[in-house]
Amino acid sequence: YSATDDLNEPWAVPLSDTRLDRYVESAALRGDAGSAVLSGAIQDAQARLNLSGLATQGRVNPDAVLAFERLLTSLRQDPGLARAAAQKVADSGRAAIAGTAGEPRPIGFVQVDDLLAVPGCTPAVLDAIREQVVFLPAATPVNANTASAEVLAAQLPGLSLADANALVTARRNASFRDLADLAARLPGRPTSVDPALFSVGSAYFLVTGRVTIRQATLQLQALVERTGAATHLLWMREA
C-alpha cells in the first residue's frame, strides 16, 4: 500500500486480451477455456469529479455546483445541468432523511447513469461527461496525480484549462509527492492546497472486466474501496 497513486503504477496498465486457457491446468477444462478471452482495466474513481458532493443532508452545496458548471462548460455541455442535478441529489437526500421505518428507501444517485433522471440530461450528454464524473459513497478529494485537465480545472477555481494541461504534462515525469508539492507547482504558488479539494492518493477505484466466449460478450464494472491493505466491493453491474 502506498500513500500516493499515479498513472505510472502497474494497476493503471490495462489487461489486454488474454486467453483463459493459459491459466487452466486441467486438460479437461482447457478445451472450454480455449475460446474464452479476458480483458479489463482499473481506473481511479477519484480522478473524476465526485457528484455526491452536490448536496449534503438534503442541502445544495454551491461550491460543488460551481465546480460541476465549470466541468460542463469545458466539455461543451449546458452548465445549467449542474444546478438541476444538485437539486435532484438534494431531493433524494431529503427523502432519505424523512423516510421512516418500514417505508421503502428512495432511489438515490449511485451510478452515473442515474443522472438520466435529471431534466436535460440526455444519453448524448451522459456520454460526453461519463468518463469525468462519478458518484461515491463519501465526500472525496480529486486525486491530482490521475485527474484529467478538465477535472483539475473544474475542481480549483481560477485554474485555467491551459494551466491544468501543463500540470498533467509535468506529472508524467514527476508525480505529485504530496499537497505541498502540488501547491509549489500550481500557478501563483499558493501557500497550501485544501485537502478537501485535492489528494495525491485514492481509496476508490472502478474495475472493468470483459469476457468473450465465441460470439457472446459479458462486460462488468465494479466500484471497490481500498482501506489499507483490504479491498471491499461496493457495487457491481453489467457495463
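If you're wondering where the values come from, they're calculated on a predicted model, not measured in any experiment.
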query: Would L38 and L220 show up in the same hydrophobic cluster when neighbours are defined by side-chain heavy atoms closer than 4.5 Å?
result: no
From CG (D114) to CG (L126), nearest 0.5 Å: 9.5 Å
message: Would you say CZ of R83 has more than 12 non-hydrogen atoms from neighbouring residues, nucleotides or ligands within 6.0 angstrom?
response: no
- request: Check the hydrophobic clustering (I, L, V, M, F, W, Y; side-chain heavy atoms under 4.5 Å; chains of links allowed) and say if L75 and L51 are grouped together.
  value: yes
field: OG1 on T212 to CG on D17, rounded to 0.5 Å
entry: 7.0 Å
statement: With Q46 as partner, the option from N145, V151, L136 fulfilling side-chain contact (heavy atoms from CB on, under 4.5 Å) is L136
query: Are any of the side-chain heavy atoms of L71 and Q132 separated by less than 4.5 Å?
result: yes
message: Can a donor-acceptor pair be found, under 3.5 Å and without considering hydrogens, that links the side chain of N173 to the backbone of A170?
response: no
- prompt: If you round to the nearest 0.5 Å, how far is CG of L115 from OG1 of T122?
  reply: 11.0 Å
task: Identify the two heavy atoms, one from M236 and one from L233, that lie closest to each other, and give their separation to 0.1 Å.
output: CB-CD1, 4.4 Å
message: Between N143 and S202, do the side chains contain a donor N or O and an acceptor N or O under 3.5 Å apart?
response: yes
- prompt: Do the side chain of T73 and the main chain of E69 share a donor and acceptor less than 3.5 angstrom apart?
  reply: yes
Beyond-backbone contact of L54 with V60, side-chain heavy atoms, under 4.5 angstrom: no
- request: Please tell me if the side chains of L159 and P187 come closer than 4.5 Å, counting only heavy atoms from C-beta onward.
  value: yes
- prompt: Do H232 and V224 come close enough that some side-chain heavy atom pair is under 4.5 Å?
  reply: no
field: Check: V89 and F135 side chains under 4.5 Å, non-hydrogen atoms
entry: yes
statement: In terms of heavy-atom contacts, A45 and L223 come closest through CB-CD1, 4.1 Å
- request: Measure from the side-chain N and O atoms of D44 to the backbone N and O of L7, and report whether any donor-acceptor pair falls under 3.5 Å.
  value: no
message: Atom CZ of residue position R177 - does it have more than 12 heavy atoms of other residues, nucleotides or ligands inside 6.0 Å?
response: no
message: Quick check: do T4 and S175 have side-chain heavy atoms less than 4.5 Å from each other?
response: no
field: Main-chain N/O of L197 paired with Q155 side-chain donor or acceptor, under 3.5 Å
entry: yes
- prompt: Salt bridge between D113 and R130, side-chain N to carboxylate O under 4.0 Å?
  reply: yes
Expected output: side-chain R210 to main-chain S39 donor-acceptor under 3.5 Å: no
message: Using side-chain heavy atoms (C-beta onward) and a distance below 4.5 Å, is V134 in contact with L49?
response: no
Over all atoms of both residues, closest heavy-atom pair of L81 and P119: CD1-O, 4.0 Å
- request: For E131, enumerate each residue passing the salt bridge (charged side-chain N to carboxylate O under 4.0 Å, His left out) test, keeping only those at least two apart in sequence or located in another chain.
  value: R48
task: Decide yes or no on side-chain contact (heavy atoms from CB on, under 4.5 Å) for R70 and F68, but give the supporting numbers first.
output: CA-CA 5 Å; R70 290 191 290 269; F68 192 20; over 6 Å; no
message: If I take atom CZ from residue F109 and atom OG from residue S52, how far apart are they, to the nearest 0.5 angstrom?
response: 10.0 Å
field: Min side-chain heavy-atom separation Q221-W235 under 4.5 Å
entry: yes
- request: Heavy atoms only: give me the nearest V125-Q77 pair and the separation to one decimal.
  value: CG2-OE1, 3.6 Å
- request: State, to 0.1 Å, how close A164 and A149 come at their nearest heavy-atom pair, and which atoms those are.
  value: CB-O, 3.3 Å
T169 (side chain) donor-acceptor with N165 (main chain) under 3.5 angstrom: yes
message: Using the side chain to side chain contact (heavy atoms under 4.5 Å, CB included) criterion, which residues pair with L182? Sequence neighbours excluded.
response: A144, F176, L179, L186, V193, F198
- prompt: Roughly how far apart are L218 CG and E238 CD, rounded to 0.5 Å?
  reply: 5.0 Å
- prompt: For the residue pair F205 and W11, does the interplanar ring angle fall in the parallel (under 30°), tilted (30 to 60°) or perpendicular (over 60°) class?
  reply: perpendicular
query: Where is the tightest heavy-atom contact between R226 and D5, given as atom of each residue plus distance?
result: NH2-OD2, 2.8 Å
query: Step by step, would you call R94 with D91 a salt bridge (charged side-chain N to carboxylate O under 4.0 Å, His left out)?
result: CA-CA 5 Å; R94 282 194 297 271; D91 291 345; 2.2 Å; yes
query: Would you say the side-chain atoms of Q219 and T208 include a donor-acceptor pair closer than 3.5 Å?
result: no
